[in-house]
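The chains referred to below are lettered A, B, ... by the order of the sequence lines, with proteins before strands, and numbering in each begins at 1.
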2 protein chains.
Amino acid sequence: MSLCGAIQPVAPRLGHIHCALPSDLCIAVTVPSSHPSAASAADNTPAAGGEGDVVNTPGPSFSPLYQQIKSLILRSLQAGEWKPGEAIPSELELAARFKVSQGTVRKAIDELAAENLLVRRQGKGTFVATHAEETVQYRFLRLTPDSPEGNGLVKRQLLDCRRLRAPADIARALNLKTGDTVVEIRRVLHFSGQPTVLDDIWLPGQLFKGLTAERLTEYKGPMYGLFETEFGVRMIRAEEKLRAVLADPADAALLGVEVGAPLLSVERLARTYDDQPVELRRGLYRTEAHHYRNELN
Amino acid sequence: MSLCGAIQPVAPRLGHIHCALPSDLCIAVTVPSSHPSAASAADNTPAAGGEGDVVNTPGPSFSPLYQQIKSLILRSLQAGEWKPGEAIPSELELAARFKVSQGTVRKAIDELAAENLLVRRQGKGTFVATHAEETVQYRFLRLTPDSPEGNGLVKRQLLDCRRLRAPADIARALNLKTGDTVVEIRRVLHFSGQPTVLDDIWLPGQLFKGLTAERLTEYKGPMYGLFETEFGVRMIRAEEKLRAVLADPADAALLGVEVGAPLLSVERLARTYDDQPVELRRGLYRTEAHHYRNELN
DNA sequence: AAGTGGTCTAGACCACGAT
DNA sequence: TCGTGGTCTAGACCACTTG
């Protein structure tokens with residue numbers, strides 16, 4: 001474990017002088033390349049290739065050390081070295097492993113925490129974010145009762161779960177070839193007894209091999225928790241597109257509204273670590289007693 | 001200016017040892033309670049009263065130094081010491097003024113920048129965020145064309161601007177007494193020639209004394225820019241509640257849709273620095289060719 | 001060349017949680 | 001008591017912007 005850690009990472013330094021000398025000795029250390037690197041900087045694409053980010057300038061093209069560390073941590077997360085809910089090594093351990101100072105590791109972790117990939121807990125450690133522990137609330141669901149009394153039970157009603165060949169639009173969104181297998185799930189969420197959300201969900205069949213209606217109904221807790229623990233697919237980010245639409249007869253029947261009633265349409269594309277889309281979801285929300293809440297900064 | 005700066009701020013330290021000694025002298029400085037606090041912590045409400053945050057524990061009740069600095073900067077912002085678009089003093093100047101290290105100021109500024117109150121620009125300085133320079137986009141408007149070609153001109157059509165006594169619900173939302181004067185504005189936004197957004201806006205009359213239809217039509221640029229430069233009211237944060245509704249005859253006529261067409265209803269409450277609500281806005285969006293875009297993390 | 005923010009380090013001490 | 005993250009400092013160097 002930590003053995004290989006000492007070897008592999010050694011981030012490609014792009015020219016940094018460790019002024020780790022007693023201050024009185026630290027006079028004009030102009031050593032051109034006291035660092036192991038300098039040579040390795042050229043061939044090794046900076047940012048260690050881990051970040052999906054583009055290299056903007058073909059010239060010198062930088063990546064701060066802490067960004068490189070961030071990429072390395074990200075890679076470990078993606079590789080499953082630490083599972084959701086587990087603690088990652090302490091800052092000091094990581095610093096030793098990557099051969100940088102604690103402060104640099106801290107800054108890398110700070111950014112990952114700001115992106116909700118990690119969760120810091122003082123005195124305990126830093127943990128991999130998870131959807132599985134959120135009994136309080138579905139992390140990505142922004143639908144909120146208008147009055148707090150409406151905070152009753154949420155019941156899930158599974159309507160359908162099948163495998164099929166992906167229609168063109170679904171395939172495109174999920175970065176698949178038309179005709180690739182996808183899992184299609186249809187379900188209704190009831191809020192305090194009222195049918196409120198009708199979801200259609202598509203997942204790449206490849207990633208969700210053993211997913212069946214039984215597994216879905218058995219599992220207690222949010223669906224993303226199931227995906228995470230059973231299939232190793234972690235939903236990290238998502239984009240939503242919202243529109244107002246009218247209920248067609250099928251929607252109306254399932255949600256218990258009149259045909260032509262207004263519904264909030266929410267199309268969500270969820271992505272994993274490397275920004276690969278891994279779920280497409282089309283939701284229809286009743287908004288007479290609930291609203292979609294958003295904060296602007 | 002900088003004179004008073006030297007006196008007034010001196011943040012209430014809650015116990016800190018300036019170990020500003022040469023490292024060779026810094027041996028086991030175990031002064032038991034060089035920490036002033038414990039006493040001063042009680043009377044001086046931590047967070048310097050600036051933060052709207054609650055004090056959770058009645059006990060010791062801490063506020064890290066950088067949080068106190070943040071509050072002080074926030075107060076200067078609120079007092080208008082630096083205007084939107086202007087640069088604030090450099091980190092070193094602020095460090096000197098508050099008698100803390102640059103790193104501490106940096107952390108305070110980092111948070112304010114993360115909240116979009118300040119904008120860092122490398123090599124130039126740190127600037128107060130503004131709505132006035134955003135010719136590209138309205139900072140708070142999340143409505144996006146479905147296809148990028150739809151990115152045509154935005155035309156504003158002012159329908160009405162009057163003063164009136166606040167109805168109960170408006171007053172409550174804006175933290176006013178029922179019957180207080182409010183400014184009511186009604187307008188339509190046209191996107192590439194199509195009427196797309198119908199806004200009803202309410203503002204506290206008190207804060208917007210000279211606001212007239214003329215001022216509104218004359219001013220080029222976003223309305224929040226006008227509020228900022230002409231009335232000194234800066235919109236910092238906002239919460240939105242989204243719903244799907246049906247067009248009533250009046251809405252339908254103004255937006256050029258059928259009665260009963262689906263519309264996205266967006267109720268926005270915008271706040272200033274101290275979280276005081278200063279604008280209530282009810283928008284109706286056509287979403288046939290546009291959608292409301294949101295990112296989840 | 002000077003000034004600003006950005007990165008990196010090293011080391012001290014604190015608050016919190018588990019032991 | 002120990003280990004963890006959290007705060008604070010001080011100082012060095014880097015990159016970007018402006019004169």
Does B:Arg120 count as lying over the ring of B:Phe127, i.e. NZ or CZ under 6.0 Å from the six-ring centre, within 45 degrees of the axis?
no
What class does the angle between the rings of A:Phe231 and A:Phe227 fall in, given that below 30° is parallel, 30 to 60° is tilted and above 60° is perpendicular?
perpendicular
So if I take every side-chain heavy atom of A:Ser90 and compare against D:dG5, D:dT7, D:dC8, which nucleotide ends up nearest?
D:dG5
Could you tell me how far apart B:Lys99 (NZ) and D:dA10 (P) are, to the nearest whole angstrom?
13 Å
Check whether the side chain of B:Arg106 and the base of C:dG6 form a donor-acceptor pair under 3.5 Å.
yes
How close or far is atom P of D:dT9 from atom CD1 of B:Ile69, stated in whole angstroms?
8 Å
I would like to know whether B:Trp82 and B:Ile73 meet side-chain contact (heavy atoms from CB on, under 4.5 Å); could you show each step before the answer?
CA-CA 10 Å; B:Trp82 316 298; B:Ile73 296 176; 4.0 Å; yes
For the side chain of B:Thr104, starting at C-beta, report the closest nucleotide among D:dG5, D:dT7, D:dC8.
D:dC8
Measure all distances between protein nitrogen or oxygen atoms and nitrogen or oxygen atoms of nucleotides 16-19 of chain C, and list the pairs falling under 3.5 Å.
from: C:dC16; atom 1: O4'; to: A:Gln122; atom 2: OE1; distance (Å): 3.3

Atom CG of B:Leu94 to atom P of D:dT9: distance rounded to whole Å?
14 Å
Side-chain donor-acceptor contact under 3.5 Å, A:Asn294 with B:Tyr292:
yes
Separation of C:dG5 atom C1' from B:Leu112 atom CG, nearest Å, is 15 Å
Note: A:Arg271-A:Glu239 ion pair, threshold 4.0 Å (strictly below):
yes
Nearest heavy atom decides the nucleotide; on that basis, is B:Val105 or B:Gln102 closer to the 5' end of DNA chain D?
B:Val105
Picking from D:dC8, D:dT9, C:dT9, the nucleotide nearest the side-chain atoms of B:Val100 would be D:dT9
If you check every side-chain atom of B:Glu93, which of C:dG5, C:dT7, C:dT4 has the closest atom?
C:dT4
Strictly by modelled atom types, are B:Tyr224 and B:Arg139 linked by a side-chain donor-acceptor pair under 3.5 Å?
no
Rounded distance (Å) that lies between atom C1' of D:dG6 and atom CG of A:Asp110:
10 Å
Do the side-chain N or O atoms of B:Thr126 get closer than 4.0 angstrom to the phosphate oxygens (OP1, OP2) of C:dG5?
yes
In whole angstroms, how far is the P atom of C:dG11 from the CD atom of A:Glu91?
16 Å
Between C:dG6 and B:Arg120, is there an OP1 or OP2 to side-chain N/O distance shorter than 4.0 Å?
yes
So which of A:Met235, A:Glu240, A:Arg281, A:Arg237 actually passes side chain to side chain contact (heavy atoms under 4.5 Å, CB included) with A:Phe140?
A:Met235
A:Lys107 side-chain N/O to C:dT7 phosphate OP1/OP2 under 4.0 Å
yes
